[in-house]
Trainee: 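The structure is given below, and queries will be raised subsequently.
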Amino acid sequence: MSNIPETGRTQRVQIRLIVIQVLVFSLLLTLGGRLWYLQIRNGDEYTAEAAGNGVQQVVQPAVRGSILDARGVPLADNETRLVVSASRTELLKMKDDGVEVLTRLADVLNMKPKDVQDKIRLCDSKTPQPCWNGSPYQPIPVTDEATTQQALQIRERAEDFPGITAEPTAVRRYTAPGKARTAQVLGYLSPVTDEEIQEAQDGPSPYLRSDQVGRSGLERTYDKELRGKAGVTRYEVDNLGRVLGEAENDPAVSGSSLVTSLDARVQAVAEYELAAAMKKMRGETDKITGRKYEADSGAVVVMESKTGRIVSMASQPDYDPNAWVGGISGKEYAKLTSEKSNYPLLNRGIQGQAPAGSIFKVVSASAAVRAGHDFNDRYNCSSSYSLGSQTFANFESKGHGPITLGDALKYSCNTVFYRLGHEEWVRDGGIKPKKDAKDWFYRTARDFGLGSETGIDLPNEVKGRIPDREWKQDFWKANKDAWCKQGKKGGTYVQQIAYENCLEGNQLKAYDSINYAIGQGDVLVTPIQMATAYAAISNGGTLHAPTVGKAVISPDGKNVQEIKPKVTGKLPVNAQTIKDLDKGLRSVVEPGGTAAWRFGGWPQDKIPMRAKTGTAQVYGKQTTSWFATYTDDYTIVMTISQAGTGSGASGPAVRKIYDALYGLDAEGNQDLKRALLPKPQKALPKIEPDGSIHAPKVEPYDPTPVEPEGQPVEPEEQLPVQPTGQPGLTGSPATTGRQP
């Protein structure tokens, strides 16, 4: 028998039971706490993860909508190519980060291993192109030009190429019909980034990781309409990844097609003639300096005068937008973004800024009328205009005596506008402006739409600059500290300029208004702004927001959303002044006018032509050529940087574009069978229910000589005498402009 009392054993048993109970309750409490944490505290998170583990989705990218010209000719569409892609996620799971696999892939694709590896590295601020700026979790295209044999090798040897796919895929194609690239207007695509996916998460059109996004041009403006909706099929899978069944299927919806007001044939002519004019001028010598013209960039805009629709917009230098398809190479990217190539990504039709020169005189003439001057009064066109010790010379230092404002446009007389600009500056109080200063010359420019965006449906349009009193004040505030630090009284020329700018750089000086009156000094305009203004004169005074998009058509062709022309305002002058301007501009192409030598043989009785030449001085560069014209149907504005005079450099090219539009020969005889677009295109192309369209074929432009024989050559020109006396107090030296 045990010597332990019965009560002692009972106590030990009770203690053991209590311990066991404590342990059991502790375990239950721990389990309950864990269940609460998993189900309540982090329930949503784990529910989502569980759903993800049980469902896998396969994305079928939507076919991007086409961009068509006004007749239905594809400017951008899609073609099926064999695309080889690499899954960065799978490659990084390998011990060597997939280097061995990529090396084998490079051998199959006949590429260098480094080039393949560069294709799938991620872009950041320090990584040069080529690199991938899309999501790192989606397959990254290595090439979209794989051959059938290469694709078969990859698919048949799948064990040698884990993480590599070779699939037929719809790839963007920029067709260049008739060799018209239309590069800057169309824009380009690149992969969606993780940041964009996150930002659009709760929006009406969220991105998928497979999406390509428009980065410039029409591709960007109409990205939502063109992109469509990717298809997503969700499969139920077990924990081993085996498919148990289809959970949900959202079919892909193709993007809509964008019909534009562009005409591929006219675009081909405009691109060719702009490039040819620049090439020609690079072979010419500036008679003043003896230097060859650089003619380094240019733009031309062809617009419907009555609607503001863009028929053609060309910019030089240009590029092939197909370079972006499938990922751009480092060499090509450097070329497109380098100073040496003069930045071909820029659309100089809406982003190129320069002083306007004499094509600005329609604004100054309108301002003079608003200020109370009669358009048909006589104004002295003297050989020069004096301001104290400064002399502002007329074109060729010639005078024409008393003439009307219409004749001042015809002969491009600087001194008439010098005088008017100066007189209005004095009337407004000069350096100390009156409280009720009218500033008609500056206000009128803004009322013409200058100094602000036109509202064209293309991204990144620039505003230009109207250097009025407000701008002078803002510019002075921004630069005052630097001027005061650099300036020195009695120092070098640069130091003296800085010293005076520090003290009085916010004052609108007399010579500022004198230069401004002929489109010089600090004024900056763009080709699209001047085309919009001249089109308004043509149509009787209505300003439009220029448009390239004409309609968005659903993939089946049933839903048509037309993009109507948008009126943004009226010219700030009455109907009579517009008629007077029109008459003066018509005289520019008639005998004695500055553009007459470029329009010899033009059928003025059938197709009235109006024009204005302009040659603008740009500090530190050769003169910029401007040529602004219009008929009842079309407005064409061309500019070429560092190319000499308006009529000399741009005139012949503009004439050839008109000849192609109307089907005219050198003598002005019209053949409607040869005319590309004698009247603006109104009807929309028809898209069939299957998405197809019967587009006419576009032949490459075949330029033929249209220069009338025996026409007078351009008169000798000389720069106006530069003002002498005290240095200017603006941010740049005072200029008077080479006119016309």
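Computed from a prediction, not measured in an experiment: that's the story for all the values here.
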Trainee: Within this structure, what is the OG1-CE distance for the pair Thr635 and Met303, rounded to the nearest 0.5 Å?
Mentor: 7.0 Å
Trainee: If you measure from the Lys or Arg side-chain nitrogens to the Asp or Glu carboxylate oxygens, is any gap between Arg227 and Glu225 under 4.0 Å?
Mentor: no
Trainee: Checking Asn347 against Ser315: is there a side-chain donor and acceptor pair closer than 3.5 Å?
Mentor: no
Trainee: Are Glu79 and Arg81 within salt-bridge range, i.e. N to O under 4.0 Å?
Mentor: yes
Trainee: For the atom pair NZ (Lys93) and NZ (Lys95), what is the distance rounded to the nearest 0.5 Å?
Mentor: 15.5 Å
Trainee: Once you round to the nearest 0.5 Å, how far does OG of Ser650 lie from CD1 of Ile640?
Mentor: 4.0 Å
Trainee: Going by an N to O cut-off under 4.0 Å, is there a salt bridge joining Lys112 and Asp115?
Mentor: no
Trainee: When you check the gap from the basic side-chain N to the acidic O, do Arg215 and Glu196 get nearer than 4.0 Å?
Mentor: yes
Trainee: Consider only side-chain N and O atoms of Tyr174 and Glu219, and report whether a donor and an acceptor are under 3.5 Å apart.
Mentor: yes
Trainee: Taking only Lys NZ, Arg NE, NH1 and NH2, and the carboxylate oxygens of Asp or Glu, determine whether Arg64 and Asp223 approach each other closer than 4.0 Å.
Mentor: yes
Trainee: Do Leu661 and Ile636 have side-chain heavy atoms sitting under 4.5 Å apart?
Mentor: yes
Trainee: Identify, with sequence neighbours excluded, every residue that meets side-chain contact (heavy atoms from CB on, under 4.5 Å) alongside Pro527.
Mentor: Ala299, Val301, Trp626, Thr639
Trainee: Is Asp659 salt-bridged to Lys656, going by a charged N under 4.0 Å from an acidic O?
Mentor: no
Trainee: Do Thr532 and Gln529 meet the criterion of a side-chain donor-acceptor pair at a distance under 3.5 Å?
Mentor: no
Trainee: Can you tell me how far OG of Ser341 sits from CG of Asp296, rounded to the nearest 0.5 angstrom?
Mentor: 11.5 Å
Trainee: Looking at Glu339, I'd like to know if its CD atom is crowded, meaning that more than 12 non-hydrogen atoms belonging to other residues, nucleotides or ligands lie closer than 6.0 Å.
Mentor: no
Trainee: What distance do Ser256 atom OG and Leu226 atom CG have between them, rounded to the nearest 0.5 Å?
Mentor: 8.0 Å
Trainee: So Leu102 and Ile120, do their side chains get closer than 4.5 Å, heavy atoms only?
Mentor: yes
Trainee: Which residue pairs pass the disulfide (SG to SG under 2.5 Å) test when at least one of the two sits in residues 104-135, sequence neighbours left out?
Mentor: Cys123-Cys131
Trainee: Under the salt bridge (charged side-chain N to carboxylate O under 4.0 Å, His left out) rule, what do Arg88 and Glu90 come out as? Steps first, then yes or no, please.
Mentor: CA-CA 5 Å; Arg88 181 181 173 84; Glu90 292 297 319; over 6 Å; no
Trainee: Among Glu273, Lys179, Arg265, which one satisfies side chain to side chain donor-acceptor pair (under 3.5 Å) with Tyr701?
Mentor: Glu273
Trainee: Heavy-atom distance under 4.5 Å between the side chains of Val83 and Val171, does that happen here?
Mentor: yes
